[in-house]
There are 2 protein chains.
Amino acid sequence: MSTTAPSDDIGTRLRLVRQIYGLTQRELARRAGVTNGAISLIEQNRVSPSISSLKKILDGIPLSLADFFTHNFAASDQVFFAAAELTEIAFGETVSMRMVGGNLKERALQMLQETYQPGADTGEEMLRHQGEECGIIVSGSLTITVGAQEKTLQPGDAYYFRSDIPHRFRNPGPAPCVLISANSPPSF
Amino acid sequence: MSTTAPSDDIGTRLRLVRQIYGLTQRELARRAGVTNGAISLIEQNRVSPSISSLKKILDGIPLSLADFFTHNFAASDQVFFAAAELTEIAFGETVSMRMVGGNLKERALQMLQETYQPGADTGEEMLRHQGEECGIIVSGSLTITVGAQEKTLQPGDAYYFRSDIPHRFRNPGPAPCVLISANSPPSF
DNA sequence: CAAAACTGTTGAATATTCTAAACGCCGGGA
DNA sequence: TCCCGGCGTTTAGAATATTCAACAGTTTTG
């Protein structure tokens with residue numbers, strides 16, 4: 001139950017949050033009803049703000065005290081990922097995935113670009129894990145089995161199911177199949 | 001991203017946490033390296049503490065800033081459940097479960113059966129470890145101390161508390177006590 | 001290039017919090 | 001009963017946070 005303690009470097013933390021939200025000290029100060037000087041001093045850790053001041057400032061973002069202390073902003077400040085930055089994962093010869101934000105922590109969501117070569121098959125045993133998953137076919141076609149249901153999806157088609165329902169992905173066609181999928185919570 | 005905002009009534013919040021942990025203002029002040037007067041003023045909301053002060057105080061409990069702002073202590077301060085309060089769950093005609101703390105959140109537990117012979121006592125020093133624990137008395141009776149609260153439980157009664165709150169189990173009666181308990185994460 | 005508009009920082013004055021030492025209250029023992 | 005030790009509260013003064021206004025640097029505009 002004990003949350004991992006974030007850095008108690010409040011100043012850096014505030015500065016980071018403010019910059020993520022694209023605000024200047026003066027703009028945030030105006031919204032929060034404090035002076036820009038106060039924010040400057042806090043961000044330099046030259047003073048330790050009172051809760052009331054910090055709350056006023058966070059209200060100007062807006063962000064709750066709980067979120068301010070809970071989230072690891074340093075780890076989530078990367079918003080854009082070049083194609084080359086996506087983490088590549090291979091399963092055997094026929095299935096590969098490119099993961100968005102594999103370096104991020106505490107994420108509630110995971111997005112993958114999955115490629116199934118002709119003949120690829122996640123197997124008879126049927127996958128089962130926690131969470132939910134969802135995806136859209138980008139190119140090629142893919143036969144997906146979820147529980148008792150089975151369907152071959154074409155580009156533009158999509159799926160959404162609870163991951164604890166046994167499921168299986170196969171590519172019976174002659175062309176590779178690419179799809180974009182999302183899982184929550186991340187399964188790896 | 002937005003966590004449900006806890007009350008910004010810092011004073012009441014601090015008082016509640018302090019009392020849950022069974023500390024007096026003076027004892028907490030001593031551990032935290034602040035004066036009891038400061039804690040008194042904060043708990044009355046007559047001042048809004050600086051982050052540095054609040055952090056010092058919470059360190060004396062100990063509790064992280066994140067946990068302080070995140071957890072809803074008011075909602076989880078029910079430690080004891082009367083036999084009649086246990087949530088009854090039925091699976092068909094033949095299977096039923098009686099659930100402890102169905103209203104609590106963030107549960108992830110493992111169960112054990114424990115037997116306490118007459119006179120058994122986990123000791124004056126009060127146990128403290130990570131995680132949460134929970135249990136139901138099966139037979140006999142057991143006196144449990146959690147923070148400032150103490151109660152002698154009878155068969156059918158139950159408990160649920162965070163394990164970092166100091167606790168102690170004693171069997172003052174003439175008969176062995178059997179209970180079913182659960183821990184998260186497993187502490188042994 | 002210069003002026004204007006912005007950025008973050010700083011020093012002196014003000015406002016607030018924190019400490020130290022007292023207060024009043026209550027319960028337990030001689 | 002009185003006294004002692006504990007509790008939370010209060011007050012004046014020391015320590016700290018915040019404001020206000022000015023400063024220097026950078027980018028934008030003309």
Side-chain angles (χ1 to χ4, degrees), chain A residues 7-65 68-69 73-74 77, chain B residues 7-63 65 68-69 73-74 77 124-126 145-151 165-166 168:
Chain A
S7 153
D8 19 296
D9 179 356
I10 303 300
T12 306
R13 200 170 181 74
L14 176 59
R15 172 159 292 172
L16 198 52
V17 170
R18 176 175 63 78
Q19 290 173 340
I20 287 174
Y21 282 81
L23 298 171
T24 66
Q25 289 182 347
R26 281 184 154 85
E27 173 58 16
L28 178 54
R30 190 191 61 73
R31 295 195 196 185
V34 300
T35 61
N36 60 304
I39 294 180
S40 177
L41 294 172
I42 292 168
E43 290 188 352
Q44 296 170 75
N45 283 321
R46 292 177 43 171
V47 300
S48 176
S50 69
I51 294 291
S52 61
S53 298
L54 183 59
K55 175 156 195 340
K56 277 199 286 184
I57 292 169
L58 294 179
D59 282 348
I61 288 182
L63 190 70
S64 74
L65 283 163
F68 179 77
F69 285 106
F73 296 99
D77 67 347
Chain B
S7 157
D8 352 313
D9 179 356
I10 304 300
T12 305
R13 199 171 182 75
L14 176 59
R15 173 159 294 172
L16 196 53
V17 170
R18 175 175 63 79
Q19 290 174 340
I20 286 174
Y21 282 81
L23 299 170
T24 67
Q25 290 181 348
R26 283 183 154 86
E27 172 59 16
L28 178 54
R30 191 191 60 72
R31 296 195 196 185
V34 300
T35 60
N36 61 303
I39 294 179
S40 177
L41 293 172
I42 293 167
E43 290 188 352
Q44 298 170 78
N45 284 319
R46 295 185 34 179
V47 300
S48 177
S50 69
I51 294 291
S52 62
S53 298
L54 183 59
K55 176 159 194 340
K56 276 198 287 185
I57 292 169
L58 294 179
D59 282 348
I61 288 184
L63 189 69
L65 284 164
F68 179 76
F69 286 107
F73 295 99
D77 68 348
E124 194 75 58
E125 319 98 84
M126 308 280 270
T145 309
V146 179
Q149 302 181 60
E150 178 169 303
K151 188 165 185 180
I165 301 176
R168 178 186 190 184

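Just so it is clear, the values below take in all heavy atoms, side chains as well, and ignore hydrogens, waters and symmetry mates. To find a chain, count down the sequence lines: A is the first, B the second, and so on, and within it residues start at 1.
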Step by step, would you call B/Ile42 with B/Ile57 a side chain to side chain contact (heavy atoms under 4.5 Å, CB included)?
CA-CA 11 Å; B/Ile42 293 167; B/Ile57 292 169; 3.7 Å; yes
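Of the two residues contacting DNA chain D, namely B/Ser52 and B/Ile39, the nearest-nucleotide position lying further toward the 5' end is that of B/Ile39.
Of all nucleotides listed (C/dT9, D/dT19, D/dT9), D/dT9 comes nearest to the side chain of B/Arg15. The side chain of A/Ile42 has D/dT18 as its nearest neighbour among D/dT18, C/dC18, D/dC7. In the set C/dT17, D/dT10, D/dT18, C/dT17 carries the atom at the smallest distance from any side-chain atom of B/Val47. Considering only side-chain atoms of B/Ser40, the nucleotide from C/dA20, D/dT9, D/dT18 that sits closest is D/dT9. Distances from the side chain of A/Arg18 to the nucleotides C/dC18, C/dG8, D/dT11 place C/dG8 closest. Considering only the side chain of A/Pro49, D/dT18 comes nearest among D/dT18, C/dA22, D/dA22.
For A/Glu43 and D/dA17, the CD to P distance is 16 Å, given to the nearest whole Å. In this structure, the CD1 atom of B/Ile10 is 17 Å from the C1' atom of C/dC18, given to the nearest Å. One atom, CG of B/Leu41, and another, P of D/dT16, lie 17 Å apart when rounded to the nearest Å.
Phosphate proximity of D/dT10 to B/Gln44: present, with a side-chain N or O under 4.0 Å from OP1 or OP2.
Residue A/Ser50 is classed as a sugar-phosphate contact, given heavy-atom separations below 4.0 Å to backbone atoms only. Using a 4.0 Å heavy-atom distance criterion, B/Ser53 is classed as a sugar-phosphate-only contact. Within the nucleic acid shown, B/Thr24 comes within 4.0 Å of sugar-phosphate atoms alone, with no base atom in reach, counting heavy atoms only.
Looking at A/Asn36, its side chain comes within 3.5 Å of the base of C/dT9 through a donor and an acceptor atom. For a distance-only test at 3.5 Å, the side chain of B/Arg26 qualifies as a donor-acceptor partner of the base of D/dG8.
Under the side chain to side chain contact (heavy atoms under 4.5 Å, CB included) criterion, B/Thr24 pairs with B/Arg26, B/Glu27, not counting sequence neighbours.
The closest donor-acceptor contact from the side chain of B/Arg46 to the backbone of B/Leu41 lies at 3.5 Å or more, if one exists at all.
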